[in-house]
Amino acid sequence: MNAAAQHTAPTAPVAVVTGASRGLGLALAEALAADGWQLVITARGAAGLAAAEARLAAVTKVVALPGTIVDDDHRAHLAEAAAGLGGASLLVNNAGTLNGTDDAEAEPLPRLADVPLPGLLATFEVNALAPIALTQLVLPQLRTHRGAVLNISSDAAVVPYIGWGGYGASKAALDLATAVLAREEPELRVWAVDPGSMRTRMLQAAGPGEDISGEPLPAEVAPVLLGLLRDRTPSGRYRAEELAATARGGR
């Protein structure tokens, strides 16, 4: 049996990863694939997701479904795909939006006095409501496997940065939902993690023209986050920086 066949064995655990075409989502998917996980991945951009699928399919079994997580039918298809692989043991709610719009001319981080309400609504839909809705659909599978939910948060959820009010409030909502779910589902592991600043398109969009070359790549952060999974760390809110420091101290 070759390595690819070993990775796609029916007993391999299944992870659903949103926003998986680039950035942290892709880095997490690649790290999970390397650890033998089967994957259901999604992102809005079909071309980017197809490229990610091609890379991941060389390592593991992957189902790639382009679409937006705010769409009810799309979320249902993700849950169905995971069930078809044997049921999800991990849900990674990584997909997010900075300001709820794809308009390149829009202010990336408007003050609350000026934030367009349609964009604010879309920000909450993508960053908080859709992750809750997808979690509801996948929960029966996660319960069966005593699995885990990893919600990607931000320091903007707890620090009042000027201009980050809409985004931060949506992530704060996700943080609270994470904490409540952790209490309601004690057999699972439910984490909200602030990954810190990374060299991503979103961070560059937040500060056009700023030099972000000194920030870590998502591929450097992903293994830190997946340490929660390997250690079955208690549910809670964590910061990648602190997790990395703890890991270094334990060596």
Asks: Assess the residue pair Ile152 and Leu150 against the criterion (side chain to side chain contact (heavy atoms under 4.5 Å, CB included)); give the C-alpha distance rounded to whole Å, side-chain angles, the decisive distance to 0.1 Å, and a yes or no.
Replies: CA-CA 6 Å; Ile152 303 303; Leu150 174 59; 4.1 Å; yes

Asks: Is there a chain of hydrophobic side chains (I, L, V, M, F, W, Y, each step under 4.5 Å between heavy atoms) that links Leu181 to Leu174?
Replies: no

Asks: Of all heavy-atom pairs between Tyr167 and Thr123, which one has the smallest distance, and what is that distance?
Replies: CA-CG2, 4.1 Å

Asks: Which heavy atom in Pro66 sits nearest to a heavy atom in Ala64, and how many Å separate them?
Replies: CD-O, 3.7 Å

Asks: Decide, yes or no, whether a salt bridge links Lys171 with Asp194 under the criterion of side-chain N to carboxylate O below 4.0 Å.
Replies: no

Asks: With side chain to side chain contact (heavy atoms under 4.5 Å, CB included) as the test, would you mind laying out the steps for Lys61 and Leu39 before giving the verdict?
Replies: CA-CA 6 Å; Lys61 184 173 181 62; Leu39 298 170; over 6 Å; no

Asks: Determine the minimum heavy-atom distance between Ala244 and Val224, stating which atoms define it.
Replies: N-CG1, 3.7 Å

Asks: With rounding to the nearest 0.5 Å, note down the distance linking CG in Asn93 to CD1 in Ile69.
Replies: 6.5 Å

Asks: For Thr60 and Ala33, indicate whether the former's side chain and the latter's backbone hold a donor-acceptor pair under 3.5 Å.
Replies: no

Asks: Can you name the nearest heavy-atom pair linking Val16 to Ala88, along with the distance?
Replies: CG2-CB, 4.1 Å

Asks: Compute whether any side-chain donor of one residue and acceptor of the other, for Asp231 and Thr233, lie under 3.5 angstrom apart.
Replies: no

Asks: After noting the C-alpha distance and the side-chain angles of Leu90 and Trp37, does the key distance pass the side chain to side chain contact (heavy atoms under 4.5 Å, CB included) rule?
Replies: CA-CA 10 Å; Leu90 174 65; Trp37 287 69; 3.6 Å; yes

Asks: Side chain to side chain contact (heavy atoms under 4.5 Å, CB included) between Gln141 and Thr144: does it pass, once the steps are laid out?
Replies: CA-CA 5 Å; Gln141 301 173 33; Thr144 297; 5.7 Å; no

Asks: Please say yes or no: joined through hydrophobic side-chain contacts below 4.5 Å, possibly via intermediate residues, are Leu228 and Met198 part of one cluster?
Replies: yes

Asks: Rounded to the nearest 0.5 Å, what's the gap from CG on Asp72 to CG on Leu134? Could you check?
Replies: 11.0 Å

Asks: Under 3.5 Å, side chain of Asn99 to main-chain N/O of Leu120, donor-acceptor pair present?
Replies: no

Asks: Out of curiosity, does Leu98 fall in the hydrophobic cluster containing Val159 (side-chain heavy atoms, cut-off under 4.5 Å, transitive links)?
Replies: yes

Asks: Is it the case that the side chains of Arg237 and Ser153 hold a donor-acceptor pair, with the cut-off being a distance below 3.5 Å and no angle test?
Replies: yes

Asks: Measure the CZ-CG distance between Arg232 and Leu188 for me, rounded to the nearest 0.5 Å.
Replies: 7.5 Å

Asks: Hey, are Glu187 and Arg143 close enough for a salt bridge, meaning a charged N less than 4.0 Å from a carboxylate O?
Replies: no

Asks: Does the side chain of Leu229 reach to within under 4.5 Å of the side chain of Trp191, using non-hydrogen atoms?
Replies: yes

Asks: Could you list the donor-acceptor pairs under 3.5 angstrom formed by side chains in residues 125-133, with sequence neighbours left out?
Replies:
residue, atom, partner, partner atom, Å
Asn127, OD1, Thr97, N, 2.9
Asn127, ND2, Thr97, O, 3.0
Asn127, ND2, Ser170, OG, 3.0

Asks: Heavy-atom count around Glu215 CD within 6.0 Å, excluding the residue itself: above 12?
Replies: yes

Asks: Does any N or O in the side chain of Glu220 come within less than 3.5 Å of the main-chain N or O of Leu217, such that one atom is a donor and the other an acceptor?
Replies: yes

Asks: In residues 17-28, what donor-acceptor pairs under 3.5 Å come from side-chain atoms, sequence neighbours left out?
Replies:
residue, atom, partner, partner atom, Å
Thr18, OG1, Val92, O, 3.4
Thr18, OG1, Asn94, N, 2.9
Thr18, OG1, Ala95, N, 2.9

Asks: Nearest 0.5 angstrom please: Arg146 CZ to Arg189 CZ, how far?
Replies: 7.0 Å

Asks: Is Leu139 reachable from Val180 through a run of hydrophobic residues whose side-chain heavy atoms are each under 4.5 Å from the next?
Replies: no

Asks: Indicate whether the side chain of His74 and that of Thr68 have a donor and an acceptor atom separated by less than 3.5 Å.
Replies: no

Asks: State, to 0.1 Å, how close Ala240 and Val221 come at their nearest heavy-atom pair, and which atoms those are.
Replies: CB-CG1, 4.2 Å

Asks: Is Gln38 close to Val62 at the side-chain level, that is, under 4.5 Å between some pair of heavy atoms?
Replies: no

Asks: Is it the case that more than 12 heavy atoms not belonging to Arg44 sit under 6.0 Å from its CZ atom?
Replies: no

Asks: Is there a path of hydrophobic side-chain contacts, each under 4.5 Å between heavy atoms of I, L, V, M, F, W or Y residues, that connects Val158 with Trp164?
Replies: yes

Asks: What distance do Leu137 atom CG and Leu78 atom CG have between them, rounded to the nearest 0.5 Å?
Replies: 9.0 Å

Asks: Would you say the side chain of Val59 lies within less than 4.5 Å of the side chain of Glu30, judging by non-hydrogen atoms?
Replies: no

Asks: Which atom names give the shortest non-hydrogen contact between Phe124 and Gly166, and what distance separates them?
Replies: CE1-O, 4.0 Å

Asks: Rounded at 0.5 Å granularity, tell me how far CG in Leu91 sits from OG1 in Thr135.
Replies: 4.5 Å

